[in-house]
Colleague: 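Below you will find the structure I want to go over with you.
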Amino acid sequence: QVQFVESGGGLVQPGESLRLSCAASGSIFSLYVMGWYRQAPGKTRELVASIDSLYGTNYADSVKGRFTISRDNAKKMVFLQMNSAKPEDTAVYYCNTRPERIQLWGQGTQVTVSS
C-alpha cells in the first residue's frame, strides 16, 4: 500500500507556470501507473495526466501541450509541470494510482488561476 501527499499549489495568473509535487510512501511505488487528477467546484473529478514507469505518458486533451507529468521512482515522487495556465485549470489537484484506489486519495493541493 502507498499514501500520497500533494503540494505546490497556489495562486497564479493566466499564462504563468506552476509545478505540483506528490510524495508517496509505501512499498513498490515503481510498479504503479500514476496519475494527476483534478476537481473543480461543481464539477466531476477528471484525470489530467498519467505516467507509466516503462511506457510513458498520457494527457487529457484540455492540457495536452501545456502540462508535463514526470516521476522519480527512487524518491517515490510524481510531478506535474503546469505551463501556460488557464482559468479553467482552477481546481484541487490530486495524485493517485491509475486506475485510482479510493482509499489512497489525499487532501490535494489547490490551484487557482486568476488575474
Side-chain angles (χ1 to χ4, degrees):
Q1 295 181 333
V2 296
Q3 293 177 294
F4 305 120
V5 178
E6 301 91 346
S7 63
L11 174 64
V12 295
Q13 295 183 333
E16 293 184 342
S17 297
L18 198 64
R19 182 176 171 87
L20 307 184
S21 298
C22 171
S25 62
S27 61
I28 57 175
F29 172 79
S30 63
L31 297 180
Y32 293 100
V33 178
M34 290 295 302
W36 280 99
Y37 304 78
R38 69 185 181 188
Q39 187 166 22
K43 305 292 185 180
T44 58
R45 184 181 61 231
E46 64 173 338
L47 178 68
V48 175
S50 63
I51 183 167
D52 183 276
S53 293
L54 295 177
Y55 305 118
T57 59
N58 280 301
Y59 298 93
D61 288 341
S62 59
V63 307
K64 191 173 299 182
R66 299 188 298 117
F67 291 7
T68 302
I69 187 172
S70 60
R71 67 192 296 166
D72 185 332
N73 289 335
K75 296 183 178 180
K76 295 184 177 181
M77 297 190 71
V78 59
F79 308 96
L80 186 68
Q81 179 67 43
M82 304 170 56
N83 294 333
S84 302
K86 300 178 179 180
E88 49 264 46
D89 295 324
T90 296
V92 178
Y93 284 71
Y94 305 87
C95 61
N96 207 325
T97 56
R98 172 67 176 163
E100 70 271 23
R101 289 171 163 80
I102 294 176
Q103 68 272 26
L104 300 183
W105 290 117
Q107 294 298 111
T109 185
Q110 176 72 51
V111 173
T112 302
V113 184
S114 180
S115 59

Colleague: So, do Tyr94 and Glu100 sit near enough that their side-chain heavy atoms are less than 4.5 Å apart?
Modeller: no
Colleague: Should Phe79 and Val12 be regarded as members of a common hydrophobic cluster, given that ILVMFWY residues are connected when their side-chain heavy atoms come within less than 4.5 Å of each other, either directly or indirectly?
Modeller: no
Colleague: Drop me the distance from Cys95's SG to Ile69's CD1, to the nearest 0.5 angstrom.
Modeller: 9.0 Å
Colleague: Measuring from Arg38:CZ to Asp89:CG, what's the distance to the nearest 0.5 Å?
Modeller: 5.0 Å
Colleague: Compare all side-chain heavy atoms of Tyr59 with those of Arg66 and state whether any distance is below 4.5 angstrom.
Modeller: no
Colleague: Any heavy-atom pair between the side chains of Met82 and Leu20 that's under 4.5 Å?
Modeller: yes
Colleague: If I take atom CG from residue Leu18 and atom CD from residue Glu16, how far apart are they, to the nearest 0.5 angstrom?
Modeller: 9.0 Å
Colleague: Do NZ/NE/NH1/NH2 and the carboxylate oxygens of Asp61 and Lys64 come within less than 4.0 Å?
Modeller: yes
Colleague: Would a single hydrophobic cluster contain both Leu31 and Phe4, if residues Ile, Leu, Val, Met, Phe, Trp and Tyr are joined by side-chain heavy-atom contacts under 4.5 Å?
Modeller: yes
Colleague: So do the side chains of Arg71 and Ser53 get within less than 4.5 Å of each other, counting heavy atoms only?
Modeller: yes
Colleague: Please report the interatomic distance OG(Ser50) to OH(Tyr55), rounded to the nearest 0.5 Å.
Modeller: 14.5 Å
Colleague: Is it true that a side-chain atom of Arg98 and a backbone atom of Val33 form a donor plus acceptor pair closer than 3.5 Å?
Modeller: no
Colleague: Just wondering, do Cys22 and Tyr93 contact through their side chains at under 4.5 Å, heavy atoms?
Modeller: no
Colleague: Measure the spacing between CE of Met77 and CG of Asp72 and express it to the nearest 0.5 Å.
Modeller: 8.0 Å
Colleague: Show me the donor-acceptor pairs within less than 3.5 Å that the side chains of residues 105-113 make with the rest of the protein, sequence neighbours left out.
Modeller:
unit_1	atom_1	unit_2	atom_2	d
Thr109	OG1	Gly9	N	2.9
Gln110	NE2	Ala91	O	3.4
Gln110	NE2	Thr112	OG1	3.4

Colleague: Any non-hydrogen side-chain atom of Ser25 less than 4.5 Å from a side-chain atom of Lys76?
Modeller: no
Colleague: Tell me whether the NZ or CZ atom of Arg101 lies within the 45° cone about the ring axis of Tyr32 and under 6.0 Å from its centre.
Modeller: no
Colleague: Taking all non-hydrogen atoms of both residues into account, name the closest pair between Thr97 and Tyr37 and its distance.
Modeller: O-OH, 2.7 Å
